[in-house]
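For reference, the structure discussed in these notes is given below.
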Amino acid sequence: MKINKEIEFETLHSNKSRIYLLCGIVCVVVLMVTLIVTTSKAKYRVTESMPLIQGTINFSPSDLNIVAMYLNQDGAMPSGQTDIAPKFGYSLNEEQSFCEVNDGKIEDAAFTYENGLLGFYNLNRKGTKCSVYFDLIPDSEKPTLSILTNGTDNSITVVANATDNIGIYYYYYKLDNEEEIRLEENSYTFDNLEKDSVHNITVRVEDAAGNEASDSNEITVGYRAGDVILASANPPTGQTTDWTNDGRGITYYYIGDSDAVNNWVYFSEFYWRIIRINGDGSIRMIYSGSNYSSTSDDTIGKSAFNNSYNNNAYLGYMYGDINASDYVGIHANINSSTIKGVLDTWYSSTLQDEVKYIDGNAGFCGDRRLSSGTGIGIVTTYYQPRTRINNSSPSLSCEDTDIYTTLDSSTGNKALTYPIGLISADEAMFAGIPNWNSSSSGNQSNYLCTENGYWTMSPYGFYAAWADMFIVSWAGDIEYNNGVNNKNVSVRPVINLRSDVQITGSGTTDDPFRLVS
């Protein structure tokens with residue numbers, strides 16, 4: 001019997017434990033349900049009054065629902081119902097648009113529509129529903145489009161430069177015969193391509209009214225024009241670092257006499273001479289006229305560098321406020337020099353159709369770093385190019401503030417309207433043009449020498465109330481005693497071809513490098 005009592009006790013003890021455990025589980029469940037219900041109610045509870053310091057304020061929140069939006073005419077977006085308001089190119093049809101509540105139209109409902117954003121007024125009742133209608137703005141003007149392509153070893157990036165009187169609605173990108181990719185962005189990259197494979201890139205743009213423009217470009221993945229030039233019979237023989245302050249790579253440059261240097265390019269119905277392959281692979285070249293056998297027409301005319309001369313500011317291809325009291329204000333990239341205006345006009349009338357081949361990233365360097373003086377106003381000042389040219393120690397380093405690149409560039413200060421400039425005094429010396437102090441009497445046989453002295457972009461200094469720039473003289477040396485207002489100095493444009501343009505030829509006068517269109 002003793003054993004039975006113990007068994008009975010243990011059984012009762014076990015049953016009580018199970019009961020307690022079950023009760024605990026039930027309590028937890030009840031608490032969790034209560035918490036969920038309470039939280040849910042709190043989440044969706046509409047507060048009908050708010051306590052103030054004295055009394056309360058009562059309100060009834062509105063509930064606006066845009067039931068539908070409609071486009072009345074076809075454009076970039078087809079007519080009919082739409083899920084999103086158009087960005088531009090449409091006007092709001094206020095007569096058709098309406099709001100209602102409890103099946104009754106709200107007569108004083110008001111709407112606004114600007115830059116794709118809708119606004120509603122005089123709506124203060126819960127359950128309000130609105131339908132909105134848009135009319136396409138009549139537009140028959142087509143967009144304009146040019147594309148730039150840039151390839152790596154396995155990708156092609158295309159940038160679409162498009163303009164329209166109202167705006168570009170969609171960009172369509174196409175690789176070879178694949179389906180178009182529709183985007184609202186003006187750039188796209190095709191990835192995972194095979195090196196040395198040839199592709200046709202087509203871009204189509206559409207404005208809100210459905211007017212279109214398109215452009216295409218054939219590009220070889222991994223192709224570099226510089227590789228063809230370096231593999232030619234007479235490649236560039238000089239080598240140095242390029243734009244070292246910008247972290248760029250090695251540049252290769254030509255040195256020597258005109259007849260011995262095979263650096264001729266025929267581009268846009270003009271002859272050019274390659275100065276160097278830039279560190280980023282683009283090709284810098286200088287204008288040499290319409291006839292390779294003459295050095296008398298290898299400029300585009302004569303011009304002052306700047307019409308004014310009595311301030312340090314006028315030593316800039318671009319410059320700032322002549323009345324500024326600090327260096328930064330004087331040398332800011334705000335105003336265009338006289339010669340920049342000449343070059344911009346020539347570019348827009350002569351090379352604008354070739355924009356897809358011209359690099360806007362390579363930049364141009366005026367190098368207005370100080371050697372002595374403050375660079376402010378009429379204070380005597382000498383600039384770093386003077387020191388380098390005097391010592392026959394040229395360099396292609398340049399401060400970021402002096403690397404002029406175009407507005408849509410990914411590098412530099414984005415100060416230029418067009419990707420055109422002038423040669424630097426350092427580049428001329430690298431090519432074999434000596435300074436005025438050289439024991440030689442110049443180097444008239446050098447490929448950069450012409451029958452006319454022409455401007456460089458490099459400042460010499462400001463002294464005796466006069467701003468002086470370096471020039472490459474007709475005698476074949478680098479001279480400085482030329483005030484910026486000298487109207488008898490010639491102008492030789494310098495441009496940069498893209499690194500991925502396809503070229504053929506050997507660089508001789510009989511077989512110049514030519515772009516493959």
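Evaluation of the side-chain hydrogen bond (donor to acceptor under 3.5 Å, both in side chains) test over residues 313-332, restricted to residues two or more places apart or in two chains, returns H331-Y383.
Between Y357 and F267, the angle of the ring planes goes over 60°, which puts this pair in the perpendicular group of the 30/60° scheme. The aromatic rings of Y171 and Y173 lie parallel to each other, their planes meeting at an angle below 30°, with 60° marking the opposite boundary.
Around atom CG of N391, more than 12 heavy atoms belonging to other residues, nucleotides or ligands sit under 6.0 Å away. No more than 12 heavy-atom neighbours from other residues, nucleotides or ligands sit within 6.0 angstrom of CD1 on I378. For D191, the CG atom sits in a packed shell: over 12 heavy atoms of surrounding residues, nucleotides or ligands are nearer than 6.0 Å. Taking a 6.0 Å sphere around CH2 of W346, one finds it holds more than 12 heavy atoms contributed by other residues, nucleotides or ligands.
Taking the six-membered ring for Trp and the full ring otherwise, F513 and W264 have centroids separated by 6.0 Å or more. In this structure, the ring of F462 has its center no less than 6.0 angstrom from the ring center of Y309.
The CD atom of Q502 sits 8.5 Å away from atom CG of N217, with the distance rounded to the nearest 0.5 Å. One distance of note links CE of M285 with OH of Y254; it measures 12.0 Å at 0.5 Å rounding. Rounded to the nearest 0.5 angstrom, I322 CD1 and I376 CD1 are separated by 14.0 Å. Going from atom CD1 of I229 over to atom CD1 of I283 covers 3.5 Å, rounded to the nearest 0.5 Å.
For the 3.5 Å distance criterion, the side chains of N443 and S445 qualify, holding a donor opposite an acceptor. Side-chain contact of D280 with S282: a donor-acceptor pair under 3.5 Å is present, judged by distance alone. T401 and R368 share no donor-acceptor pair across their side chains, judged by distance under 3.5 Å alone. For the residue pair Y460/R386, the side-chain donor-acceptor check at 3.5 Å is satisfied. For the 3.5 Å distance criterion, the side chains of S424 and S458 fail to qualify, holding no donor opposite an acceptor. No donor-acceptor contact under 3.5 angstrom links the side chains of N262 and T508, judged on distance only. For the residue pair D408 and T406, a side-chain donor N or O sits within less than 3.5 Å of a side-chain acceptor on the partner. A side-chain donor from one of Y172 and E206 sits under 3.5 Å from a side-chain acceptor of the other. The closest side-chain donor-acceptor pair between N165 and D139 falls under 3.5 angstrom.
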Practice task
Begin with the C-alpha distance, continue with both residues' side-chain angles, and end with the deciding distance and a verdict on side chain to side chain contact (heavy atoms under 4.5 Å, CB included) for L448 and I423.
Solution key: CA-CA 10 Å; L448 287 177; I423 194 171; 3.8 Å; yes
Practice task
Could you check Y418 against L351 for side chain to side chain contact (heavy atoms under 4.5 Å, CB included), going step by step and ending with a plain yes or no?
Solution key: CA-CA 10 Å; Y418 300 109; L351 297 179; over 6 Å; no
Exercise for the section: Take R276 and D242, measure what salt bridge (charged side-chain N to carboxylate O under 4.0 Å, His left out) needs, and give me the verdict at the end. Expected result: CA-CA 10 Å; R276 58 187 174 105; D242 183 11; 3.2 Å; yes
Exercise for the section: Before giving the answer on side chain to side chain donor-acceptor pair (under 3.5 Å), spell out for N306 and S308 the whole-Å C-alpha distance, their side-chain angles and the decisive distance to 0.1 Å. Expected result: CA-CA 5 Å; N306 256 316; S308 300; over 6 Å; no
Practice task
Take L343 and I300, measure what side chain to side chain contact (heavy atoms under 4.5 Å, CB included) needs, and give me the verdict at the end.
Solution key: CA-CA 9 Å; L343 289 168; I300 63 171; 4.1 Å; yes
Practice task
Walk me through it: do D367 and R388 pass the test side chain to side chain contact (heavy atoms under 4.5 Å, CB included)?
Solution key: CA-CA 11 Å; D367 196 358; R388 296 195 299 269; 2.7 Å; yes
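No side-chain heavy atom of H199 sits less than 4.5 Å from a side-chain heavy atom of F190. Two residues are said to be in side-chain contact when any heavy atoms from C-beta on lie closer than 4.5 Å; E354 and L515 fail this criterion. Within the 4.5 Å cutoff, the side chain of T405 has no heavy atoms near those of the P419 side chain. Side-chain contact between T338 and S303 is present, with heavy atoms from C-beta onward closer than 4.5 Å. For the pair C365 and M457, the minimum side-chain heavy-atom distance is 4.5 Å or more.
Summarising the geometry of E141 relative to N211, their closest heavy-atom pair is O-ND2, 3.3 Å, with the distance given to 0.1 Å.
Residues D215 and K356 are paired through a salt bridge, judged by an N-O separation under 4.0 Å between the basic side chain and the carboxylate.
A cation-pi arrangement is present between R492 and Y454 under the rule of less than 6.0 angstrom and at most 45 degrees off the ring axis.
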